[in-house]
Amino acid sequence: QVQLVESGGGSVQAGGSLRLACTASGYTYSSTSLAWFRQTPGKEREGVAAFGTTSSSSYYGAFVKGRFTISQDGAANTIYLQMNGLEPEDTAIYYCAARGGGGGRWLQAAAYPYWGQGTQVTVSS
């Protein structure tokens with residue numbers, strides 16, 4: 001019943017920007033954690049960004065280096081990932097994820113039971 005649908009992926013040149021969006025259905029955002037992860041074949045899934053709705057705090061993977069921003073539109077049950085200064089190594093499938101509550105494990109995939117189908121981001125040099 002819970003469904004997360006990502007959009008906004010595509011192909012850009014190095015240095016470009018994309019804004020990913022994830023809309024939830026069958027799920028009510030309240031005290032939750034919302035997150036973005038990414039994965040390429042043969043590599044571990046890694047946490048990109050997370051947002052705690054209760055604390056309004058955000059958390060980012062070290063590789064983000066200030067380039068990305070996670071945000072929420074609660075009324076529309078939508079989360080966003082604004083990505084600037086994209087680099088070829090950012091190429092991956094990006095997934096949104098959600099869970100009830102928070103309190104830790106912000107960027108650990110195992111902590112999130114709800115996942116979207118992913119959207120491809122390709123950054124060319």
Side-chain angles (χ1 to χ4, degrees):
Q1 184 175 354
V2 175
Q3 185 175 14
L4 305 174
V5 180
E6 300 96 335
S7 62
S11 181
V12 299
Q13 295 182 353
S17 299
L18 286 172
R19 187 181 70 164
L20 308 183
C22 176
T23 299
S25 62
Y27 184 97
T28 301
Y29 294 169
S30 54
S31 297
T32 63
S33 302
L34 313 171
W36 289 93
F37 293 80
R38 70 185 189 185
Q39 188 168 24
T40 58
K43 297 182 179 180
E44 297 292 326
R45 184 168 297 188
E46 58 185 351
V48 179
F51 183 85
T53 61
T54 299
S55 63
S56 297
S57 298
S58 58
Y59 308 85
Y60 297 94
F63 59 85
V64 169
K65 297 178 291 184
R67 299 173 298 141
F68 302 167
T69 302
I70 187 171
S71 61
Q72 173 193 17
D73 182 341
N77 288 335
T78 301
I79 57 172
Y80 300 95
L81 183 68
Q82 178 67 47
M83 302 189 292
N84 301 321
L86 286 164
E87 303 168 351
E89 52 265 43
D90 295 316
T91 295
I93 300 175
Y94 284 70
Y95 299 89
C96 64
R99 67 177 177 183
R105 300 193 297 158
W106 300 104
L107 299 175
Q108 298 181 21
Y112 291 83
Y114 307 116
W115 291 84
Q117 82 290 343
T119 185
Q120 177 71 48
V121 171
T122 301
V123 185
S124 60
S125 60

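Only this structure's heavy atoms are used, side chains among them; waters, hydrogens and symmetry mates stay out.
To the nearest 0.5 angstrom, Ser125 atom OG is 9.0 Å from Gln13 atom CD. One finds the OG1 atom of Thr119 at 11.0 Å from the CG atom of Leu81 (value rounded to the nearest 0.5 Å). Ile70 contributes atom CD1, which lies 11.5 Å from atom CE of Met83 (distance to the nearest 0.5 angstrom). Distance check, rounded to the nearest 0.5 Å: CZ of Phe37 to CD of Gln108 gives 8.5 Å. Rounded to the nearest 0.5 angstrom, Thr78 OG1 and Leu20 CG are separated by 12.5 Å. In this structure, CG on Leu107 lies 10.0 Å from CD on Glu46, to the nearest 0.5 angstrom.
In terms of heavy atoms, Ser33 sits closest to Gly101 at OG-O, 2.7 Å. Contact detail for Phe51 and Gln72: the closest heavy-atom pair is CE2-OE1, 3.4 Å. Contact detail for Ser57 and Tyr59: the closest heavy-atom pair is CB-OH, 3.7 Å. Taking each heavy atom of Gly52 and Trp106 in turn, the nearest pair found is CA-CZ3, 3.7 Å. The shortest heavy-atom contact between Leu4 and Cys22 is CB-SG, 3.6 Å. Nearest approach of Ile79 to Cys96, heavy atoms of both residues: CD1-CB, 4.0 Å.
Within a 6.0 Å sphere centred on OH of Tyr114, other residues, nucleotides and ligands contribute 12 heavy atoms or fewer.
Two different hydrophobic clusters hold Val12 and Ile93 under the rule that ILVMFWY side chains link at heavy-atom gaps under 4.5 Å. The same ILVMFWY cluster, assembled from side-chain heavy atoms under 4.5 Å apart, contains both Val123 and Leu18. Connection of Trp115 to Tyr94 is not established within any shared hydrophobic cluster, with ILVMFWY side chains joined at heavy-atom distances below 4.5 Å, either directly or through further cluster members.
A salt bridge is absent between Glu89 and Arg38: the closest approach of a Lys/Arg side-chain nitrogen to an acidic carboxylate oxygen does not fall below 4.0 angstrom.
A cation-pi arrangement, defined by a distance under 6.0 Å to the six-membered ring centre and an angle within 45 degrees of its axis, is absent between Arg105 and Tyr112.
Legend: residues meeting side chain to side chain donor-acceptor pair (under 3.5 Å) with Gln82, ordered by chain and number and at least two apart, are Asn84. Not counting sequence neighbours, the partners of Thr122 by the side chain to side chain donor-acceptor pair (under 3.5 Å) test are Gln120. Residues that satisfy the side chain to side chain donor-acceptor pair (under 3.5 Å) test with Gln39, not counting sequence neighbours, are Arg45.
Thr53 places a side-chain N or O within 3.5 Å of a backbone atom of Thr32 that can act as its donor or acceptor partner. For Glu6 (side chain) and Gln117 (main-chain N/O), a donor-acceptor pair under 3.5 Å exists by modelled atom type.
Side-chain contact check for Thr91 versus Val121: every heavy-atom pair is 4.5 Å or farther apart.
A ring-centre distance under 6.0 Å is not found for Phe68 and Trp36.
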